Amino acid sequence: MNHERLVERFMSYVKIDSETFNEGAFDDYLFNVLTELGFDVSKDDAGEKIGSNGYNIYAYKPGKLQAEPIAFSCHTDTVTPGIGIEPVLDNGIIRSAGDTILASDDKAGIAAIIEAMVQINEEGLEHRPVEIIFTIAEEGGLRGAKNLDYDRIYSKKAVILDSSGSVGNIVVQAPAQDKIFATFHGKPAHAGIEPEKGISAIMVAAEAITKMKLLRIDEETTANIGTLRAESATNIVCPKAELIAESRSLNNDKLKAQSDHMVACMQEAAKAFG
């Protein structure tokens with residue numbers, strides 16, 4: 001690969017704003033690039049369905065080698081803050097110049113795919129049929145991928161360039177995830193005069209969390225409390241607490257068991273406190 005051009009390509013890509021639901025300009029740019037590279041390119045209406053100005057991109061290019069087509073995929077959206085990114089190349093390291101992300105997730109993957117296709121064209125390399133799929137709103141909950149038109153996809157195998165770790169590492173399995181949102185409703189009372197008439201939502205939440213199996217459950221399963229929020233004056237028995245948690249597992253039965261366990265802990269704590 002042309003290393004210098006790859007770096008320049010990546011740095012130019014991150015300058016195109018594409019926060020989740022605002023991928024339109026970057027999608028338009030990639031649509032034109034893929035067309036110029038000889039791909040049959042199309043788009044869908046996923047953006048309209050989810051409130052984005054962007055769209056999923058489907059690109060297909062036949063090859064001379066008699067082999068099954070293979071797909072390469074990335075997402076075009078970035079997390080925030082991703083407006084006005086200025087990349088800086090410093091002693092071989094690319095970083096953001098200001099108070100923004102760099103957007104290597106996932107524009108490093110996109111740059112690699114496009115550069116590979118450019119290289120194939122320049123050298124006239126024979127290849128199998130190639131498919132490229134760029135999706136929107138990955139950072140917003142895989143919402144572009146959930147709205148893909150799979151009837152347009154020919155490949156049975158895909159390489160998705162969207163992971164940390166060493167170059168050349170291949171991830172062949174990923175966990176499913178449940179997110180749990182819970183609100184504990186207590187009962188306010190004056191904490192200095194009649195606290196026994198109140199029910200502390202904080203205490204209910206704490207009781208539930210104490211009973212939960214959390215962090216590393218087994219080799220396939222994890223669970224974590226991400227947020228516990230409760231705001232009240234110290235002289236008031238807290239009437240409301242909100243919790244956000246997750247469970248993950250490579251095994252769907254284990255995932256369900258862990259999520260059910262966490263919900264049961266919360267329900268039992270609520271019942272115990274009345």
Side-chain angles (χ1 to χ4, degrees), residues 9-10 12-63 65 67-83 85 101 103-121 127-163 170-179:
R9 185 181 304 282
F10 169 73
S12 69
Y13 286 3
V14 302
K15 292 180 180 180
I16 306 173
D17 297 342
S18 61
E19 289 181 343
T20 303
F21 303 131
N22 185 38
E23 307 96 337
F26 191 41
D27 289 342
D28 289 343
Y29 175 84
L30 291 173
F31 191 100
N32 292 332
V33 168
L34 289 167
T35 300
E36 291 171 2
L37 286 170
F39 283 82
D40 179 14
V41 191
S42 63
K43 63 180 78 171
D44 62 18
D45 62 351
E48 296 175 23
K49 293 178 180 177
I50 65 174
S52 166
N53 61 10
Y55 44 84
N56 293 325
I57 296 173
Y58 308 77
Y60 182 84
K61 188 174 187 179
L65 297 181
E68 287 189 356
I70 187 169
F72 295 92
S73 182
C74 292
H75 60 90
T76 59
D77 66 313
T78 73
V79 297
T80 59
I83 303 296
I85 296 171
I101 60 166
S104 56
D105 179 8
D106 195 15
K107 292 182 179 180
I110 294 172
I113 290 173
I114 298 299
E115 180 59 31
M117 297 304 111
V118 170
Q119 195 88 10
I120 286 173
N121 277 8
H127 59 82
R128 68 173 67 193
V130 176
E131 202 162 13
I132 295 175
I133 302 160
F134 291 142
T135 63
I136 56 175
E138 189 268 355
E139 304 291 1
L142 298 170
R143 297 180 67 182
K146 289 174 181 176
N147 285 280
L148 270 177
D149 182 356
Y150 287 92
D151 290 337
R152 298 194 196 187
I153 300 173
Y154 303 96
S155 304
K156 301 299 182 184
K157 296 180 180 179
V159 179
I160 301 172
L161 281 73
D162 186 17
S163 180
I170 299 176
V171 179
V172 297
Q173 190 176 24
Q177 178 195 47
D178 283 339
K179 277 201 172 180

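As the structure is a computational prediction, the values presented were derived from the model and not from experiment. Along the sequence shown, the residues carry numbers beginning at 1.
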Any residue meeting side chain to side chain contact (heavy atoms under 4.5 Å, CB included) with Thr35, in chain and number order, not counting sequence neighbours: Phe31, Val41
Pair Asp44-Lys49, side chain to side chain contact (heavy atoms under 4.5 Å, CB included): steps then yes or no: CA-CA 10 Å; Asp44 62 18; Lys49 293 178 180 177; over 6 Å; no
Nearest-0.5 Å distance that lies between atom OG1 in Thr135 and atom OH in Tyr58: 9.5 Å
Non-neighbouring partners of Arg143 that pass side chain to side chain contact (heavy atoms under 4.5 Å, CB included), sequence neighbours left out: Phe21, Ile50, Ala137
Contact summary for Ile136 and Asn56, nearest pair of heavy atoms: N-OD1, 3.1 Å
Heavy atoms of other groups near Ile170 CD1, more than 12 under 6.0 Å: no
Working for side chain to side chain contact (heavy atoms under 4.5 Å, CB included), residues Ile85 and Ile101: CA-CA 7 Å; Ile85 296 171; Ile101 60 166; 4.0 Å; yes
Gln119 CD: over 12 foreign heavy atoms closer than 6.0 Å: yes
Tyr60 vs Ser42, side chain to side chain contact (heavy atoms under 4.5 Å, CB included): CA-CA, chis, key distance, verdict: CA-CA 9 Å; Tyr60 182 84; Ser42 63; over 6 Å; no
Short side-chain donor-acceptor distance under 3.5 Å, Glu131 and Ser155: yes
Considering all heavy atoms, the nearest Ile153-Ile133 contact: CD1-CD1, 3.7 Å
Between OG1 on residue Thr76 and CG on residue Leu30, distance to nearest 0.5 Å: 7.0 Å
Closest heavy-atom pair and its distance - Asp77, Gly140: OD2-N, 4.1 Å
Exam field: side chain Tyr55 to backbone Glu23, donor-acceptor pair closer than 3.5 Å: no
Heavy-atom side-chain proximity of Glu139 to Thr80 below 4.5 angstrom: no
Test item: Lys61 side-chain N/O and Leu37 main-chain N/O as donor-acceptor pair under 3.5 Å: yes
Arg128: salt bridge (Lys or Arg N to Asp or Glu O under 4.0 Å) partners, not counting sequence neighbours: none
Close side-chain approach of Asn22 to Asn53, heavy-atom, < 4.5 Å: yes
Ile70 and Val159: CA distance, side-chain angles, deciding distance, side chain to side chain contact (heavy atoms under 4.5 Å, CB included) verdict: CA-CA 8 Å; Ile70 187 169; Val159 179; 4.2 Å; yes
Nearest non-hydrogen partners of Asp106 and Cys74, listed with the distance: OD2-CB, 3.1 Å
Nearest non-hydrogen partners of Ile110 and His75, listed with the distance: CD1-O, 3.5 Å
Gln177 atom CD, neighbour heavy-atom count above 12 within 6.0 Å: yes
Lys/Arg cation over aromatic Tyr13: Lys107, 6.0 Å, 45° cone: no
Shortest non-hydrogen contact from Ile114 toward Leu34: CD1-CD2, 3.8 Å
